[in-house]
2 protein chains.
Amino acid sequence: MKEISNAELSVLNILWQDAPLGANEVVEALASSQGMHEKTVKTLLNRLVKKQALGYEKEGRAYRYYPLIDQSEYQLKESQSFVERVFAGKVAPLVAGFAKQKQLSPEDIAELKALIDNWEEEQSS
Amino acid sequence: MKEISNAELSVLNILWQDAPLGANEVVEALASSQGMHEKTVKTLLNRLVKKQALGYEKEGRAYRYYPLIDQSEYQLKESQSFVERVFAGKVAPLVAGFAKQKQLSPEDIAELKALIDNWEEEQSS
DNA sequence: TAATTAAGATTACACTTGTAATCAAAAGCG
DNA sequence: CGCTTTTGATTACAAGTGTAATCTTAATTA
């Protein structure tokens with residue numbers, strides 16, 4: 001699988017949220033949220049199809065696009081390479097950064113606690 | 001500050017660990033760890049200087065390079081934009097991914113627990 | 001049916017990036 | 001003092017990226 005660029009990821013994010021969508025719906029979303037030009041979005045859709053990150057079904061003469069790659073998989077792979085590159089593979093310092101900036105929400109904390117509990121349980125068992 | 005590319009980051013990582021270093025020392029490190037060619041490393045050093053990410057002091061006719069940007073700052077900024085792009089701003093799902101893959105080390109867990117304790121303390125106070 | 005519009009396909013284009021090779025000048029060697 | 005080596009500077013070059021504009025063809029409208 002070819003690399004997904006940042007701009008392309010914006011498109012994927014839309015379609016991971018809701019798919020299949022017609023080009024104009026994607027355009028709509030990205031135009032309003034990021035001021036992206038219609039032509040630009042069309043280009044990105046094209047490139048993603050070429051990269052086999054998107055598929056489509058025809059509806060009349062238009063297409064309805066949907067992701068061919070799994071979001072969780074993508075997230076995991078990206079996370080790993082990110083933590084590897086930027087934090088030499090260590091996860092905690094990343095979270096620590098957010099914590100120091102007080103950018104952890106109560107939900108984040110709750111989830112993290114649950115994760116840890118779960119992890120410890122698995123260890124002891 | 002211009003963007004730092006992946007290859008450039010490798011150079012910075014070396015210099016964040018130990019600086020100032022002569023070009024050959026950086027070359028040495030990256031040649032062995034990533035099989036990077038000397039010429040390539042020199043190019044990267046140059047580009048980083050141009051981007052004002054590195055400074056240098058002359059030692060004879062050679063240079064000794066050192067970072068001009070702070071690692072923690074860089075890490076924080078990158079983390080934020082990464083989590084924003086890939087996880088719609090939510091930190092916990094990122095960690096959850098690692099947890100599921102059992103890629104959290106006991107050290108990670110310990111640090112995370114400490115973080116959370118600390119966070120909760122600050123909340124209650 | 002002729003003209004306009006809309007959709008995807010193709011083309012454009014400057015900038016960045018990875019990966020080096022070549023150039024120029026200084027320093028050391030014989 | 002010339003020649004070789006070393007070091008940074010400059011140049012190279014294809015692939016990827018962001019950002020569109022133009023082209024082609026089919027559908028819609030007057």
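The structure presented is a predicted model; accordingly, all values stated were derived computationally and were not measured. Naming: A, B, ... by sequence-line order, numbering from 1 per chain.
- Contact check on B:Glu107 versus A:Lys90 returns no salt bridge, with no Lys/Arg side-chain nitrogen under 4.0 Å from an Asp/Glu carboxylate oxygen.
- The CZ atom of B:Arg85 sits 14 Å away from the C1' atom of D:dT17 (whole-angstrom rounding).
- Per the geometry, NZ belonging to B:Lys2 stands 16 Å off P belonging to C:dA14, to the nearest Å.
- The distance from the CG atom of A:Leu45 to the CG atom of A:Leu30 is 8.5 Å, given to the nearest 0.5 Å.
- Nucleic acid contact class of B:Lys58 (heavy atoms, under 4.0 Å, all strands): none.
- The side chain of A:Tyr63 sits closest to C:dA9 out of D:dG16, D:dG18, C:dA9.
- The distance between atom CD of A:Glu28 and atom P of C:dA7, rounded to the nearest whole Å, is 12 Å.
- The environment of B:Gln52 atom CD is sparse: at most 12 non-hydrogen atoms of other residues, nucleotides or ligands sit within 6.0 angstrom.
- Between B:His37 and the phosphate of C:dA21, there is a side-chain N or O to OP1/OP2 separation shorter than 4.0 Å.
- Atom CG in B:Leu48 sits roughly 16 Å away from atom C1' in D:dA9 (whole-Å rounding).
- Mapping B:Thr43 and B:Ile4 onto DNA chain C by nearest heavy atom places B:Ile4 at the nucleotide closer to the 5' end.
- Counting non-hydrogen atoms under 4.0 angstrom, A:Lys50 reaches nothing in the nucleic acid.
- Atom NZ in A:Lys42 sits roughly 17 Å away from atom C1' in D:dG18 (whole-Å rounding).
- Scanning atom types as modelled, no donor and acceptor separated by under 3.5 angstrom connect the side chain of A:Thr40 and the base of D:dA20.
- Rounded to an integer number of Å, the gap from B:Glu59 CD to C:dA27 C1' is 15 Å.
- The base of C:dG18 lies close enough to the side chain of B:Arg47 for a donor and an acceptor atom to sit less than 3.5 Å apart.
- Comparing atom distances between the A:Ala7 side chain and each of D:dG8, D:dA21, D:dG18 picks out D:dG18 as nearest.
- The side chain of A:Asn46 has C:dT10 as its nearest neighbour among D:dA20, C:dT10, D:dG18.
- Across the interface with DNA chain D, nearest-nucleotide mapping of B:Arg64 and A:Leu44 shows B:Arg64 to be the residue nearer the 5′ end.
- Here B:Tyr56 contributes atom OH and B:Leu48 contributes atom CG; the two are 13.0 Å apart, rounded to the nearest 0.5 Å.
- In this entry the distance linking CD of B:Glu38 with C1' of C:dT19 reads 13 Å, nearest Å.
- Salt-bridge formation is detected for the pair B:Glu38/B:Lys42: a Lys NZ or Arg NE/NH1/NH2 atom is positioned less than 4.0 Å from an Asp or Glu carboxylate oxygen.
- Across D:dA20, C:dC23, C:dT17, the shortest atom-to-atom separation from the side chain of A:Lys39 is found for D:dA20.
- Rounded to whole Å, atom P of C:dT17 lies 12 Å from atom CG of B:Leu9.
- Distance from the side chain of A:Lys51 is smallest to D:dT17 among D:dT7, C:dT17, D:dT17.
- You'll find that the side chain of A:Ala23 is closest to C:dG8, out of C:dG18, C:dG8, D:dG18.
- Of the listed nucleotides (D:dG8, C:dA27, D:dG18), C:dA27 has the atom at the smallest distance from the side chain of B:Arg61.
- Taking 4.0 angstrom as the limit, B:Asn24 places none of its side-chain polar atoms (N or O) nearer than this to OP1 or OP2 of D:dT6.
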- Message: If you apply the rule side chain to side chain contact (heavy atoms under 4.5 Å, CB included), what do you find for A:Lys51 with A:Glu8, and how did you get there?
- Response: CA-CA 10 Å; A:Lys51 289 184 181 180; A:Glu8 286 161 1; 2.7 Å; yes
